[in-house]
Every structure is written in C-alpha cells, then in structure tokens.
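Below: the structure, in structure tokens.
Reminder, nothing fancy here: chain letters follow the sequence lines and each chain counts from 1.
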Number of protein chains: 2
Amino acid sequence: MKIEIWSDVVCPWCFVGKRRLETALSTFEHADEVEVVYRSFELDPTAPHHGHELSTGVIARKYGRSEDEMRDMQQQLIDLAAVEGLKFRLFETVHTNTIDAHRLLHLALEADGPALQVELKEALLSAYFEGAADIGDHDVLAATAQRVGLDAARVAEVLAGDEYADAVAADIAQARAYGATGVPFFVVDRKYGVSGARPAEVFSQLLDQAWTESHPVLQMAGGDAEACGPDGCAI
Amino acid sequence: MKIEIWSDVVCPWCFVGKRRLETALSTFEHADEVEVVYRSFELDPTAPHHGHELSTGVIARKYGRSEDEMRDMQQQLIDLAAVEGLKFRLFETVHTNTIDAHRLLHLALEADGPALQVELKEALLSAYFEGAADIGDHDVLAATAQRVGLDAARVAEVLAGDEYADAVAADIAQARAYGATGVPFFVVDRKYGVSGARPAEVFSQLLDQAWTESHPVLQMAGGDAEACGPDGCAI
C-alpha cells in the first residue's frame with residue numbers, strides 16, 4: 001500500500017498532518033506494508049531564497065489583517081500543534097523559499113529510498129517550525145541533510161545546480177491534476193484522496209478501507225441456478 | 001482485466017454461459033483489454049474414458065428419476081441453448097471423462113495463449129454438445145485440437161502421458177478454495193465471482209463494475225479545513 005503526501009516544508013498543517021497520520025499508522029496492523037512517499041508542493045514559489053522577513057508580517061499583508069490578528073491565528077496553530085507534541089515557534093519563522101528543500105527531498109527518495117526521505121522531511125519541518133531556521137538557506141539545508149545521513153558531496157552538487165527541479169514541477173502538476181489546491185494532500189494507492197490534516201481516526205478509516213480494497217475477498221453473485229454440479233444440472 | 005472461467009467440457013450451462021458472457025463482451029467498451037482464461041473443473045472424474053452409455057441414462061440414475069423425465073429436462077436445456085444459437089443434441093451425448101480435454105486446454109493456454117485456448121474450448125464444447133462426439137476419446141481430442149491449430153506432435157505427446165494433470169488438479173483445488181461447488185464459475189480479477197450461466201446483463205454489470213474498480217478516479221474526503229493554500233492556512 002502506498003501513501004503519497006503532497007506537502008510543503010513551511011506548511012504548519014502539513015507537520016500536524018504528518019503526526020496524525022503517524023498516529024494512525026502506529027495502530028495499523030499492516031503498517032509494515034505501507035510505503036509513505038512525500039511529494040512536493042510550493043505554497044509560495046515567489047518567496048525569497050534568503051528569508052529575512054518574519055512570516056507573521058507576510059501573512060498579515062496577504063490576509064489584509066493586522067499582525068496582532070495574525071498572531072492570534074498563529075497561537076491557535078501553536079496550541080493545536082502542541083496537542084501533537086510539536087513545539088511550533090511560529091512568531092519567529094521567516095518567509096522563505098522551499099524549492100531547494102524539495103529538490104533535496106527528491107534526492108533523498110532517489111538515492112536512499114522512502115524511509116530516509118521521511119526522515120529528511122521530518123528534520124526539515126522541525127528545523128523550520130521548532131528551530132525557526134531558514135530552510136531556504138543552503139547552509140541550513142546542507143546541515144539538515146547531512147544530519148539524517150545524506151551524502152554531503154551529492155547534497156552540495158544538487159544545491160549548486162537545478163537537479164530535481166523538474167521532479168518538483170511534476171509533483172505540483174500531479175497535485176493540480178488531482179484538483180488539490182492546498183496541502184497536506186494525502187493519496188492512497190492513487191485511489192483515495194484526503195485533503196487536510198484530518199484527525200488520526202480519519203486516517204485510520206482510510207487505511208482500513210484501502211487495505212480491504214487492495215486485498216479482496218471474492219465477492220460472489222449468483223448461486224446454484226443455471227449451473228451444473230456433481231449431482232447434475234439445475235434447471 | 002482478467003476473467004477466469006471454471007468450466008467442464010460436458011457441462012451444458014457452461015456452453016450457454018460462454019455465449020452469454022460473449023454477448024456481454026460484444027457490447028463492452030473495453031473488451032479488447034479483457035483476457036479470458038478457462039480453468040478446469042471435472043463434474044464427474046469417475047466417468048469412463050471411452051463413453052458408451054448415453055448421458056440420459058446416467059443422469060436418470062443419478063437423480064433417481066425416469067429417463068423420460070430426464071429427457072423433459074434435457075429438452076428444456078435444448079430450448080434454452082437454442083435461444084443462444086446453440087444446437088444441443090443432448091439425447092445423443094455420451095457419459096465420458098474430461099480430464100484429457102482439460103489437459104489439452106492447459107497445453108493450448110501455455111503453448112499458444114488464451115485466444116487459442118478459447119478456440120479449443122469452443123471446439124470441444126461444440127464437438128460434444130452439437131456433434132455428440134465422445135470428447136474422452138483421444139482420436140476425437142486430437143482431431144479437435146488440430147483443427148484449431150495446436151501442434152499435432154505435442155498433442156499426441158500430451159495425450160500419451162499425464163502432462164498438465166497437476167494443473168487440472170490445481171484449478172479444481174482453486175475452485176474449491178473459492179467455495180465453488182458447480183460450474184460455470186466466473187471470477188473477475190480474482191475479486192468478483194459469479195456462479196452460473198447468468199443473463200448477459202448480469203455479466204455486463206459485472207464488467208462495468210470491475211472496470212470502474214480497476215481504473216479508479218480519486219475518491220476524495222476532506223476539504224479546505226486543516227490545510228494551507230496559496231492564500232494562507234485555514235484555521
């Protein structure tokens with residue numbers, strides 16, 4: 001069973017949703033047969049590569065609201081995240097670009113497989129939301145990637161060029177093809193989609209449903225009529 | 001999409017069911033992506049290899065009824081088959097063994113693929129029901145197999161030994177595992193089962209359902225809540 005998750009590294013609901021899915025997986029009987037793959041989604045491709053401005057001011061302008069109002073909203077998200085054991089520092093996060101983080105996530109998937117990609121995703125989300133780090137910055141990216149075990153030379157090489165930019169674009173195009181306008185966006189076996197960081201119980205139901213679907217028991221129609229058996233033919 | 005059909009060569013409902021499925025397939029939009037494979041089922045493994053006795057007498061004993069009553073039942077089957085364009089000669093068919101016919105059907109599948117297997121199945125059913133031939137007889141089998149294009153030397157070789165007897169036994173075991181007690185028994189994508197020569201409309205519905213199932217459109221849950229989009233994060 002394969003779960004693909006479209007997600008951005010600067011998306012608070014994506015981190016919360018990651019935890020909620022993990023909670024569902026922790027009690028799912030067939031969790032060892034589930035593969036999780038992260039797909040790229042850029043909430044703001046125009047964000048600067050070296051974030052200097054705090055997110056609070058940027059979203060205040062975007063919503064046309066005061067920074068105080070934004071901080072109230074951020075506090076609600078901080079409280080919600082705390083329920084999942086996450087220590088969000090939303091008042092300190094900077095407005096930054098995530099294309100390079102996504103390119104490294106593709107490198108991790110290709111070079112080391114889904115398990116390491118998930119580790120890198122976790123490290124990047126944590127660096128941004130719990131460490132208030134600028135994950136658009138190449139030094140931050142390189143250090144984070146190295147910490148989870150990616151090859152330092154390959155990371156430097158990828159960051160210096162534009163490798164995997166096409167893969168990031170393809171992921172975003174696929175999300176649009178699915179009609180996704182926001183993230184997180186979960187797709188199971190390319191069949192069931194869930195938009196948003198839904199409660200763990202919703203993910204549990206989804207896992208059960210998709211498992212049943214992909215491990216069918218024969219669904220029967222008909223009976224003894226119009227058939228022949230060892231004792232003759234029914235008429 | 002794969003349809004497996006458990007069937008015996010001396011089973012009148014199997015021939016009728018074959019026609020009805022073909023009727024459904026003739027109007028099915030994706031018929032060229034459907035593979036039909038016949039699986040073996042022996043209604044009477046104890047039947048003699050050289051049939052001398054007419055079927056009518058054998059089934060009369062089996063049912064504990066008179067031959068006249070049996071002929072009434074056979075006439076009903078003859079009439080039903082005629083609706084499908086089949087000319088059953090049930091009063092002339094002999095009680096015979098089908099293991100060798102099934103072994104040749106496995107040879108056809110392995111050597112020449114499902115299309116030729118279906119041709120051989122049709123030829124064997126027609127030889128028995130419309131030609132009143134003893135399809136337990138090796139000469140009849142060899143002639144029928146050669147007519148549809150099987151290699152004569154391989155056919156002779158298989159008939160002389162017990163090749164594919166294990167494949168026939170495996171098919172029958174699989175039918176029992178599915179809970180099938182009679183034939184025809186249709187299984188689509190190892191997921192949907194239909195017992196009996198159901199009307200063509202039933203097969204049409206089954207084809208539609210199985211096609212939809214195997215070519216999913218994303219089924220969505222959730223919405224804009226608990227997600228972040230280009231315009232911000234919903235809270």
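- Here the SG atom belonging to A:Cys228 is positioned 10.0 Å from the CZ atom belonging to B:Phe41, to the nearest 0.5 angstrom.
- Highest contact tally toward chain B, considering only A:Leu77, A:Asp8, A:Val16, is held by A:Leu77 [criterion: heavy-atom pairs under 4.5 Å].
- The 12-atom threshold is not exceeded at NZ of A:Lys87, counting heavy atoms of other residues, nucleotides or ligands nearer than 6.0 Å.
- Here B:Cys233 contributes atom SG and A:Gln76 contributes atom CD; the two are 12.5 Å apart, rounded to the nearest 0.5 Å.
- Under the 3.5 Å distance criterion, the side-chain polar atoms of B:Trp13 are left unmatched by any main-chain donor or acceptor of A:Ala225.
- Only the side chain of B:Phe185 comes within contact range of chain A, judged by heavy atoms closer than 4.5 Å.
- Residue contact with chain A, scored on non-hydrogen atoms closer than 4.5 Å, involves the backbone of B:Arg190 exclusively.
- The SG atom of A:Cys14 sits 12.0 Å away from atom CD of B:Glu226, with the distance rounded to the nearest 0.5 Å.
- At a 4.5 Å heavy-atom cutoff, the contact between B:Glu213 and chain A is made by backbone and side-chain atoms alike.
- Going from atom CG of B:Asp231 over to atom CG of A:Leu43 covers 10.0 Å, rounded to the nearest 0.5 Å.
- Most heavy-atom pairs under 4.5 Å with chain B, from the set A:Gly179, A:Gly196, A:Ser195: that is A:Ser195.
- Counting heavy-atom pairs under 4.5 Å between each of A:Ala197, A:Gly17, A:Gly182 and chain B puts A:Ala197 at the top.
- With chain B as partner, the option from A:Val183, A:Leu80, A:Asp189 having the largest number of non-hydrogen pairs under 4.5 angstrom is A:Val183.
- Annotation: the span from B:His215 atom NE2 to A:Lys191 atom NZ amounts to 11.0 Å, rounded to 0.5 Å.
- B:Thr181 and A:Pro230 get closest at one heavy-atom pair: O-CD, 3.3 Å.
- Looking at A:Tyr192, both its backbone and its side chain come within 4.5 Å of chain B, counting heavy atoms on both sides.
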